[in-house]
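Below: the structure, in structure tokens.
First listed ligand is number 1; within each ligand, the first listed atom is number 1. One is the number of the first residue; the rest follow in order along the sequence. On a predicted model such as this, the values are computed, not experimentally measured, just so you know.
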Amino acid sequence: MNHQPIGIFDSGVGGLSILREIRNLLPHEDLHYFADQAHVPYGARSLEEVRGYCEEITSFLLRQGAKLIVVACNTASAASLYSLRNRFPDLLFVGMEPAVKPAAELSLNGVVGVLATPATFQGELFASVVERFAEGVTVLPQTIPNLVERIEVGEIDTPETRDILSRAIQPLLDSGADTLVLGCTHYPFIIPILQELAGENVKVINPSPAIARQTLRLITSNNLLASKNESGEVVCYTSADPQSLTTMLPLVDLASAKILRVKWHGGSIELID
Ligand code: DGL
């Protein structure tokens, strides 16, 4: 029987899309979610800066007893997964990479659009998945300026959000993309609008369930499953105003999750509450 929590982090509320899937698959696990909202969005920052945040967040979650860390952010994974594995060699990590592989398999015409942040496209991880999995497929990278900021404040279906999204995907549709990859964990929240704007013939790939399955696999194969009968506790930490988490948690059926505030202090994280 294991009592340690699973640590999950993102720049903000995006990783809640992953938390929801993990919660569904592993309802008895305690989940500790860290939203680094003092620094969101990560996507416009340098990979080096993001890497520094990720290393400290991982240390913080370890101090809370985490047995495995889910880097529930494509940008953070692109910036830091490699260095996190080096720096914490005994810790289990689940990271994200743009789901180019399933997209390349599903696309009928071989034209795939990837929606992600500028930093994700800069990282070596993106170049490597394209090289490994997209032979003979046209992969079109596309950023969506300002969308993460709208989702952070809970503006999921507003005229502005629709406009931002529509402007971003139009060039992909014009180029014939029949498959779109969600390469940022904030984006699953706008799937219904995206599907509506792109049309029902365009396939949208959401990697969140696969990340939850990978978490289950790692926890099981390392004998770290919590064998409790009651459901696990969800604790959220934010490095900024809790309002955004309060708005978004009900959307993932976790309105009652505990929210604790933390602050960055000279490069390290301290609990306030
Ligand atoms: N949710 C993030 C991702 O998956 C980061 C968004 C941001 O902070 O720019 O890339």
### Message
With side-chain contact (heavy atoms from CB on, under 4.5 Å) as the criterion, how do R213 and E21 come out once you've worked through the C-alpha distance, each side chain's angles and the decisive distance to 0.1 Å?
### Response
CA-CA 9 Å; R213 287 195 298 275; E21 303 293 340; over 6 Å; no
### Task
Provide, to 0.1 Å, the distance between atom 2 (C) of ligand 1 and the closest protein heavy atom, together with that atom's residue and name.
C73 SG, 3.2 Å
### Proximal atoms of ligand 1 relative to V40 (non-hydrogen, under 4.0 Å)
8 (O)
## Note on the structure
re atom 9 (O) of ligand 1, the protein heavy-atom contact at minimum distance is G43 N, 2.7 Å
### Query
Of the backbone atoms (N, CA, C, O) and the side-chain heavy atoms from C-beta on, which set of T117 has a member under 4.0 Å from an atom of ligand 1: side chain, backbone, both, or neither?
side chain
### Query
Any luck finding a side-chain donor-acceptor pair between T120 and N74 under 3.5 Å?
no
### Query
Got a salt bridge between R20 and D253, using NZ or NE/NH1/NH2 to carboxylate O under 4.0 Å?
no
#### Entry: Electrostatic pair E270-R63, nearest N-O below 4.0 angstrom
no
### Query
Take atom OH in Y82; do more than 12 heavy atoms of anything else shown fall under 6.0 Å from it?
no
### Task
Quick one: look at D10 and ligand 1, take heavy-atom pairs under 4.0 Å, and tell me if it's side chain, backbone, both or neither.
side chain
### Query
Nearest protein heavy atom to atom 7 (C) of ligand 1, by residue and atom, and its distance?
Y42 N, 3.3 Å
### Task
Enumerate the atoms of ligand 1 whose separation from the nearest heavy atom of S11 is less than 4.0 angstrom.
5 (C), 6 (C), 7 (C), 8 (O)
### Query
So, E152 versus H186: side-chain donor-acceptor pair below 3.5 Å or not?
yes
### Task
Give the residue, atom name and distance (to 0.1 Å) of the protein heavy atom nearest atom 10 (O) of ligand 1.
T75 OG1, 2.6 Å
